[in-house]
Amino acid sequence: MKPKQINVMFFLLAVISALVVQILGVQNVQPNTTLLCPKKTALDTVAGCFEAVKLASGSDTRLLTRECCQAVKALPECLLIVYPTRALNTLILKAICAKKFPGSTL
């Protein structure tokens, strides 16, 4: 493609994107912070559980214990911040525990 064609395509893409944003009205969307888990959770009662959950969120379930999964089960449905830029829904953590301990009545 010639540079002039690339510039025209970029301009059209910008115009279309601006129209879509205006139509959808997403300029004023604020994040919903009411879904975050409380700072103190049941994970704090089991030694090493929060670290095990952090590792399990990255597919490393070696440190996840039954006691930790029982604490995970006690969590309400909310977003648990495991890293400054990463939050997990507790339903995902409960599914990880169910996979690690199948048939268990956690």
Side-chain angles (χ1 to χ4, degrees):
M1 284 187 148
K2 295 180 182 177
K4 189 171 185 174
Q5 289 174 321
I6 293 172
N7 287 341
V8 169
M9 288 182 66
F10 179 74
F11 176 75
L12 289 174
L13 179 66
V15 169
I16 291 170
S17 297
L19 288 173
V20 168
V21 167
Q22 185 178 9
I23 290 169
L24 296 178
V26 293
Q27 297 97 331
N28 296 326
V29 173
Q30 297 294 324
N32 186 358
T33 57
T34 59
L35 299 176
L36 295 178
C37 291
K39 292 190 185 286
K40 283 292 214 178
T41 65
L43 301 180
D44 298 329
T45 62
V46 179
C49 186
F50 186 75
E51 291 300 318
V53 166
K54 282 173 58 174
L55 290 174
S57 71
S59 301
D60 183 4
T61 60
R62 291 178 292 158
L63 299 178
L64 211 53
T65 63
R66 286 188 188 275
E67 293 79 19
C68 183
C69 283
Q70 287 173 340
V72 167
K73 186 179 179 189
L75 293 173
E77 184 179 348
C78 56
L79 294 175
L80 181 69
I81 298 184
V82 291
Y83 292 103
T85 59
R86 185 171 185 194
L88 289 179
N89 190 308
T90 52
L91 294 177
I92 295 171
L93 299 174
K94 291 174 185 180
I96 292 170
C97 282
K99 186 175 179 182
K100 169 93 178 190
F101 301 106
S104 177
T105 57
L106 296 173

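Residue numbers count from 1 along this sequence.
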What pairs with D60 under side-chain hydrogen bond (donor to acceptor under 3.5 Å, both in side chains), at least two apart in sequence or on another chain?
-> R62
Distance-only criterion, 3.5 Å: show the donor-acceptor pairs between side-chain atoms of residues 46-59 and protein atoms not counting sequence neighbours.
residue: S57; atom: OG; partner: K54; partner atom: O; Å: 2.5

Can you see which heavy atom on E77 is nearest to which on L91, and at what distance?
-> OE2-CD1, 3.4 Å
Say whether L93 and F101 are linked into one hydrophobic cluster, either directly or through other cluster members, by side-chain heavy-atom distances under 4.5 angstrom.
-> no
Would you mind reporting whether C97 and L64 have side-chain heavy atoms less than 4.5 Å apart?
-> yes
Any residue meeting side chain to side chain contact (heavy atoms under 4.5 Å, CB included) with A42, in chain and number order, not counting sequence neighbours | A71, A74
Rounded to the nearest 0.5 Å, the NZ atom of K2 sits from the CG atom of N7 at a distance of 13.5 Å
Is any side-chain heavy atom of I96 closer than 4.5 Å to a side-chain heavy atom of V72?
-> no
Is there any salt bridge (Lys or Arg N to Asp or Glu O under 4.0 Å) pair reaching into residues 83-92, and which pairs are they, with sequence neighbours excluded?
-> none
Side chain to side chain contact (heavy atoms under 4.5 Å, CB included) against A87, all qualifying residues, sequence neighbours excluded = L79, I81
What distance do C78 atom SG and L36 atom CG have between them, rounded to the nearest 0.5 Å?
-> 8.0 Å
Single-linkage hydrophobic cluster, 4.5 Å side-chain cutoff, L63 and Y83 together | no
